[in-house]
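Quick notes on the structure that follows.
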Amino acid sequence: MAQSLETIPNNVDLGSDRRLQRALEQWQPNFLSWWRDVGPEGYQTHDVYLRTAISVEPDGWATFDYVRMPEYRWGIFLVPKSGERTIGFGDNLGQPAWDDVPGEHRNALRRIIVTQADTEPASVEQQRMLGKVAPSMYDLRNLFQVNVEEGRHLWAMVYLLHRHFGRDGREEAEELLARRSGSSDKPRILNAFNEPIDDWLSFFMFAMFTDRDGKYQLAALAESGFDPLARTTRFMLTEEAHHLFVGEMGVDRVVQRTAELMGQGKEPRKEGAIPLDVIQRYLNQWFTLSLDLFGGEVSSNAADFFAAGLKGRFREDDLAEHKAMGQTYRLEVPENGKLVEEKVPLRNAMNEVLRDEYVKDCQRAVDRWNKTLAKNGVQGLSLALPHRRFHRGVGPHATAKFDPQGRMISEAEFEAHKEEWLINEADRAYVKSLMHGVFERGKMASYIAPPAKGINAMPVDFEYVRAPGA
Ligand SMILES: [Fe+2]
Ligand SMILES: [Fe+2]
């Protein structure tokens with residue numbers, strides 16, 4: 001059953017804007033048929049224990065109940081305005097924030113919004129086959145929570161397009177439902193979102209590393225001088241936190257299972273767990289793929305977005321100054337077979353400045369996983385983030401080859417070690433061989449430890465997903 005517009009939870013006074021209502025009314029059935037076609041395969045009629053945002057109040061924004069996913073109430077929420085906001089950075093520092101799109105920034109803002117928006121449905125498409133091979137009912141529910149919220153993020157971005165970009169916005173909103181992850185003629189915009197995710201180690205790595213790029217992009221947009229974008233992304237970030245938890249703790253539980261076996265002197269592979277070197281290669285692959293999503297190290301687009309007040313830095317408020325003028329950022333870039341130091345104007349290095357924050361956050365998670373190894377008696381072995389120069393497809397580092405420690409190496413050397421550094425065919429086949437759905441309450445697949453606790457204070461063995469008629 002399709003929801004009618006009156007049932008769309010929102011705090012944007014949807015009822016008062018007829019033009020907007022008509023646009024959303026036309027778009028909604030297309031969204032629902034997109035969800036049915038390429039949303040979670042085989043689970044459209046199950047009851048899933050999901051949280052739904054129904055208001056932005058701290059105590060009321062998330063309610064938990066059994067929902068069939070096509071009936072999920074995808075809402076539209078912006079963090080409420082708090083007084084008169086001013087632009088917090090760039091050339092327009094201190095000017096009033098914009099409630100409408102300024103003409104001169106229309107194209108740039110549309111591009112920023114569409115690029116972000118495109119990742120939301122893309123990830124749902126990438127993950128659509130995972131349900132059938134979920135390692136537990138708890139994980140199955142978490143996957144679907146992430147999926148419906150990425151659907152809501154698409155709604156959030158489409159609202160901005162419909163509300164602020166007129167006819168162009170409506171066309172972009174249609175295109176968001178027309179592109180397909182991995183399609184050869186209409187692929188999704190960003191590369192990492194065209195890779196299929198058909199095993200759960202990849203899903204956890206995606207939620208850990210790729211969704212975490214999303215967090216930093218959203219955080220930079222949460223500073224935007226275009227106030228509706230800032231307030232939309234702020235609310236999205238509150239949901240994003242759960243996705244990142246699913247990724248970080250998913251990997252942690254895989255590591256824990258492996259560590260427990262190693263601590264007992266057992267061979268993980270013999271017990272259907274995932275050896276540490278395989279986990280490291282998945283980490284290397286997904287981390288580096290995600291690093292590329294921040295864009296080139298030196299970028300005039302990034303400088304323009306910052307100057308105009310469209311996209312800021314991570315937690316701009318905490319920084320001492322907000323113009324980033326007359327400062328430089330020091331980079332090491334490959335040139336004629338060696339690394340040379342380059343000083344670039346800080347504004348041109350904004351992608352790298354954001355990537356710095358991201359890398360720190362990823363390192364924090366790797367430290368947690370290494371504690372899990374140590375706690376279980378694994379000695380002398382640990383996981384590591386590869387250097388950010390390693391295996392890059394975007395920016396100056398993509399023009400040369402580096403090892404995971406960041407040392408420049410020859411093409412031949414890279415080829416000789418590729419199989420030990422990046423996911424190889426045998427890894428893929430082995431991980432795939434472990435993928436069997438485990439749907440008994442409280443049971444876990446052989447490669448993952450149970451979570452420390454359940455969702456919303458429910459027990460781990462709660463019936464998070466119910467088959468129709470059950
Ligand atoms: Fe999202
Ligand atoms: Fe997400």
Side-chain angles (χ1 to χ4, degrees), residues 31 34-35 38-40 48 50-53 56 61-62 69 72-79 112-128 130-131 139-161 172-173 176-177 179 181 188-190 192-195 197 200 202-222 224 228-251 286-287 289-290 293-294 311 314 354 358 361-362 365 455:
F31 170 81
W34 165 81
W35 180 271
V38 289
V48 188
L50 293 174
R51 70 172 184 189
T52 304
V56 292
W61 80 261
M69 284 187 278
Y72 189 77
R73 296 173 69 205
W74 283 283
I76 299 168
F77 294 104
L78 277 64
V79 166
I112 288 171
I113 291 169
V114 166
T115 307
Q116 176 60 41
D118 194 66
T119 65
E120 315 285 358
S123 69
V124 175
E125 294 165 4
Q126 284 173 293
Q127 296 160 17
R128 61 189 301 256
L130 284 174
D139 290 292
L140 183 63
R141 176 263 167 217
N142 284 351
L143 167 70
F144 295 153
Q145 185 69 60
V146 171
N147 291 161
V148 292
E149 283 175 351
E150 302 305 6
R152 201 202 68 75
H153 294 172
L154 173 60
W155 271 88
M157 293 286 124
V158 163
Y159 161 76
L160 292 178
L161 291 169
E172 293 284 12
L176 284 166
L177 297 176
R179 284 185 288 271
S181 177
R188 290 294 175 183
I189 296 171
L190 299 169
F193 293 87
N194 284 307
E195 304 268 323
I197 298 175
W200 278 75
S202 294
F203 170 65
F204 292 135
M205 292 289 178
F206 175 95
M208 165 67 212
F209 291 112
T210 309
D211 237 11
R212 194 170 302 270
D213 155 70
K215 169 186 166 174
Y216 285 87
Q217 300 304 330
L218 292 176
L221 297 178
S224 183
L229 176 61
R231 293 192 291 126
T232 300
T233 46
R234 273 173 201 215
F235 189 69
M236 290 162 74
L237 280 166
T238 62
E239 293 166 315
E240 212 54 64
H242 178 65
H243 308 181
L244 303 182
F245 160 84
V246 167
E248 183 172 339
M249 296 315 290
V251 174
W286 283 101
F287 174 64
L289 204 56
S290 306
L293 293 171
F294 288 81
K311 188 177 173 187
F314 185 65
L354 196 58
Y358 171 80
D361 195 9
C362 292
I455 293 295

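Atoms within a ligand are numbered from 1 in the order they appear, just like the ligands themselves. Because the structure is predicted, anything quoted here is derived from the model rather than measured.
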*Tally of protein N/O/S atoms under 2.8 Å from the Fe ion (ligand 1)?*
3
_Between Q145 and H242, a side-chain donor and acceptor under 3.5 Å_ = no
_Q116 versus H153, side-chain donor and acceptor atoms under 3.5 Å_ = no
*Does the separation of the ring centres of W200 and F204 fall below 6.0 angstrom?*
yes
*asked:* Between F193 and F206, is the ring centroid distance below 6.0 Å?
replied: yes
_N-O pairing of R51 and E239 below 4.0 Å_ = no
*Verify ring pair (Phe, Tyr, Trp, His ring centres under 6.0 Å) between F31 and W74, making sure each step is shown before the conclusion.*
CA-CA 11 Å; F31 170 81; W74 283 283; 4.7 Å; yes
